[in-house]
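Report on the structure given below.
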Amino acid sequence: MSGENGQDQRRAGQEAPGGEQLALIRATVRKTRAKPRTWHGAALAEGLPVARVLVDKGLLHLDQFFDYAVPAAMDAEARPGVRVRVRFGARVVGGRREGGTLHDGFIVERRTDSDYAGPLAPLAQVLSAEPVLAPPLLALCRRVADRYAGALADVVQLAVPPRMARAERKPSPEPLPYPPAPEPGSWTRYGTGPAYLQALGRGDTPRAVWLALPGPHWPRELALAMAATLAAGRGALAVLPDGRSAARVDAALTEAIGAGHHVMLTADAGPEQRYQRWLSVSRGAVRAVIGTRAAMFAPVADLGLVALWDDGDSSHAEPHAPQPHARDVLLLRAREERTAFLLGGITSTVEGAQLVDSGWALPLAASRDEVRAAAPLIRTVGDGDQARDEAARAARLPSLAWQVTKEALTRGPVLVQVPRRGYVPRLACDRCREPARCSACAGPLELREQTGTPHCGWCGRPAADWHCQECGGFRLRAQVVGARRTAEELGRAFPRVPVRTSGRDAVLATVGAAPALVIATPGAEPVADEGYAAALLLDGWALLNRPDLRAGEEALRRWALAAALVRPAAENGTVVVLAEATLRPVQALVRWDPAGHAVRELAERAELRFPPVARMASVTGTPAAVADFMELVRLPAGTDLLGPVPLPVAGPSGAGRGRAGAPTPPPGEMWERLLLRVPPGAGAALAAALKEAQVQRVTRGAVEPTFIRIDPPDIG
DNA sequence: AGCACGCCGACT
DNA sequence: GTCGGCGTGCTC
């Protein structure tokens with residue numbers, strides 16, 4: 001079609017790097033035109049009368065810029081990055097424009113002229129002179145959008161906090177002089193630790209995957225890496241999975257170099273204070289940022305270090321479109337902004353192992369001697385042990401766990417990690433362990449009260465006369481016992497000891513050194529002032545039995561995070577894990593070898609050609625929509641197609657609402673999901689192809705939508 | 001997405 | 001003869 005060519009030429013914002021020359025040529029050719037035509041004929045800014053604008057309400061096919069005329073009165077304020085309001089969607093009636101609604105947007109660039117053939121509308125208003133989407137942040141957003149086949153405006157929405165006029169009026173503090181280089185402190189426990197700090201202090205860009213030793217020192221070590229970067233006169237950014245861990249690093253950095261060098265960007269500060277802190281970073285007044293996920297975009301000036309803690313934590317995955325992951329955003333920043341990189345954790349993800357395997361990052365790990373000195377003693381109780389154990393039948397606690405707890409409670413607090421909150425969420429056959437299902441609707445059976453019959457979690461029917469469909473067994477067993485019931489049982493078992501619980505809606509940050517039973521769900525474990533005397537990790541097999549590619553990695557991660565809060569074995573710190581000692585993640589925990597575990601997982605992924613050894617994307621929608629999409633898309637050579645398979649239907653009460661942005665078919669409709677797989681180097685090409693096809697479909701007014709997801713979770 | 005213009009059926 | 005169906009296309 002000839003019309004498409006013309007449209008392409010008018011598409012202002014989509015120039016690839018090579019297209020810039022073309023734009024230059026066009027601009028030169030059009031020099032004949034003195035000034036861009038406008039609608040009102042008002043006086044325009046003299047030097048650069050055109051503003052290229054990213055209109056905020058970004059539909060995917062509107063992922064392009066629009067040019068507006070800059071009235072002379074707005075010349076000074078209409079700088080790149082400022083928020084503006086523009087009239088958009090007006091129509092032309094007899095030489096006059098009518099209608100058009102006001103939209104928010106950002107000035108992306110000031111120009112001498114436009115490559116749009118028609119007359120330009122003027123900017124309606126410069127909302128504020130604050131350049132919040134300055135060119136470096138815009139470039140980052142562009143790269144993230146491309147990486148995830150998403151719309152630029154969606155990423156900008158994640159990266160730029162909403163405007164708070166009051167915060168903008170407050171001046172930011174004067175920047176402090178750079179702090180002196182810190183001493184290496186406990187980094188000396190890691191072979192190359194001091195050298196890493198020195199490299200940061202020289203302003204180099206060392207890249208490392210850091211396996212932190214168990215114990216309380218990692219927040220300070222992370223803070224020292226930031227301090228060393230600041231000492232070199234460069235900025236630093238650390239992203240942590242939750243506000244609690246961010247607060248620990250914040251305290252450590254303040255202790256190391258004093259307050260004023262950094263800000264915390266976390267949700268618990270209100271929106272106005274958060275925006276004020278963000279502005280102090282954007283204005284270059286503050287050079288270091290500690291924060292949670294959204295801080296990954298923080299526009300730190302002259303960034304020298306990006307650090308990420310515990311990248312296996314699911315909160316690092318942004319739930320909003322296009323669902324970027326903090327690890328990938330920080331990797332992009334490290335590459336493009338030429339910064340040092342520090343991926344730290346008690347355990348390692350396969351992605352971390354791959355960064356080392358590919359040679360891009362160096363391992364930063366302690367010697368076996370240091371590991372032995374820091375790690376607690378790990379003991380296991382397998383199912384076989386439990387079956388032989390008479391006491392375990394009566395109480396839910398095997399006798400080893402009982403003995404360890406009793407002894408440890410004379411020395412300090414004991415941590416009890418239970419996989420989920422609530423009562424007894426799921427039941428299974430006691431004999432064959434098949435999950436117990438409702439005979440009417442096959443929903444999972446749940447036990448909500450301590451006594452009484454189990455009920456179906458979906459339809460609510462009582463299941464008084466349940467028997468197992470698989471083996472005919474008729475006894476139920478608690479598959480996952482929640483925090484509350486465990487707390488009750490243990491409280492009865494140790495009546496003199498205070499029981500404290502920490503779960504999703506009431507998280508304790510710390511507990512004291514006095515003997516106590518501390519019941520916590522994974523991720524909510526309080527830090528004990530002097531370390532726990534012992535920890536019990538219950539119901540390990542429930543964690544491991546999840547049908548997920550990451551089940552092993554995730555189980556090890558959760559266990560190790562809890563075990564890292566326990567005193568070293570030399571101080572009688574003991575961990576009892578209820579899981580089969582022969583299982584790989586259990587062995588890795590016993591030997592305290594998370595690196596080895598990650599390397600083996602990586603090798604397995606390579607064999608199966610699963611991420612991160614391959615890049616994957618999913619296309620989801622009705623069968624017709626998926627087929628239509630596939631007809632349109634021009635995939636890079638060598639793309640594997642896996643599927644399509646029917647999309648698992650969410651249970652009525654179960655996974656009713658999934659993660660935000662996760663597409664769910666309307667009731668009664670069957671959707672399917674197609675997986676696409678390319679070799680590691682072809683990820684960008686795949687994303688570009690998918691985005692192009694998606695744009696085409698939406699532009700053509702496709703009735704049935706398709707949903708594109710790069711790096712889909714929960715595969716396998 | 002909105003919101004128009006545009007070319008074919010049942011109404012005053 | 002018109003009012004209006006929502007099919008295609010544009011928005012600086």
Side-chain angles (χ1 to χ4, degrees), chain A residues 1-15 19 23 26-27 30 33 35-42 44-45 48-71 74-75 78 80 82-127 133 138 150-154 156-157 320-322 621 624-625 628 632 661 663 691 694-708:
Chain A
M1 273 188 279
S2 61
E4 278 203 1
N5 252 334
Q7 200 174 30
D8 278 346
Q9 289 195 353
R10 268 175 277 136
R11 204 161 272 162
Q14 296 206 330
E15 264 132 21
R26 275 204 296 269
R30 226 185 263 121
R33 202 172 75 213
K35 271 184 188 174
R37 295 179 292 141
T38 66
W39 281 98
H40 294 317
L44 294 187
L48 300 166
V50 174
R52 187 150 282 183
V53 173
L54 170 71
V55 179
D56 211 6
K57 294 279 177 274
L59 299 323
L60 186 65
H61 66 284
L62 283 188
D63 198 0
Q64 53 181 276
F65 301 131
F66 293 89
D67 288 345
Y68 285 82
V70 181
M74 299 182 193
D75 187 21
V82 302
R83 295 183 221 252
V84 292
R85 312 202 86 187
V86 292
R87 214 162 269 288
F88 187 74
R91 71 209 148 90
V92 178
V93 179
R96 289 176 49 179
R97 65 190 8 256
E98 283 177 11
T101 46
L102 280 175
H103 286 262
D104 287 349
F106 299 89
I107 293 185
V108 153
E109 190 189 353
R110 287 287 299 271
R111 300 171 60 98
T112 54
D113 69 349
S114 169
D115 48 14
Y116 177 60
L120 301 184
L123 295 173
Q125 188 189 352
V126 175
L127 277 174
L133 185 62
L138 174 69
L152 177 63
D154 284 345
V156 167
Q157 199 150 33
H320 297 110
D628 178 51
L632 223 69
K691 179 163 181 184
Q694 184 79 330
V695 167
Q696 278 189 45
R697 282 195 88 239
V698 178
T699 309
R700 289 181 185 182
V703 265
E704 296 190 319
T706 40
F707 300 89
I708 307 301

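The shown structure was predicted, so the numbers you read here are calculated from the model rather than taken from an experiment. Residue numbers begin at 1 in each chain, while the letters A, B, ... track the order of the sequences. All heavy atoms count here, side chains included; hydrogens, waters and symmetry mates do not.
When rounded to the nearest whole Å, the span between CZ of Phe65(A) and P of dC12(C) equals 16 Å. Following rounding to the nearest Å, Leu123(A) (CG) and dC12(C) (C1') show an atom-to-atom distance of 10 Å. Rounded to whole Å, the distance from CD on Gln64(A) to P on dC10(C) is 12 Å. For His103(A) and dG2(B), the NE2 to P distance is 8 Å, given to the nearest whole Å. Atom CD in Gln696(A) sits about 16 Å away from atom C1' in dG9(C), given to the nearest Å. When rounded to the nearest whole Å, the span between CZ of Arg87(A) and P of dG2(B) equals 17 Å. Note: CG (Leu102(A)) to P (dC3(B)) measures 13 Å, nearest angstrom. Rounded to an integer number of Å, the gap from Asp63(A) CG to dC12(C) P is 17 Å.
Both thresholds, 5.5 Å between centres and 30° between ring planes, are not jointly met by Phe66(A) relative to the base of dC12(C), so the two rings are not stacked.
Checked against salt bridge (Lys or Arg N to Asp or Glu O under 4.0 Å), Arg83(A) has no partners two or more places apart in sequence or in another chain.
Between Lys691(A) and Ile708(A) the shortest side-chain heavy-atom distance does not fall below 4.5 Å.
The shortest non-hydrogen separation linking Pro80(A) to Val108(A) is CB-O, 4.0 Å.
Side-chain atoms of Tyr68(A) come within 3.5 Å of backbone N or O of Arg87(A) as a donor-acceptor pair.
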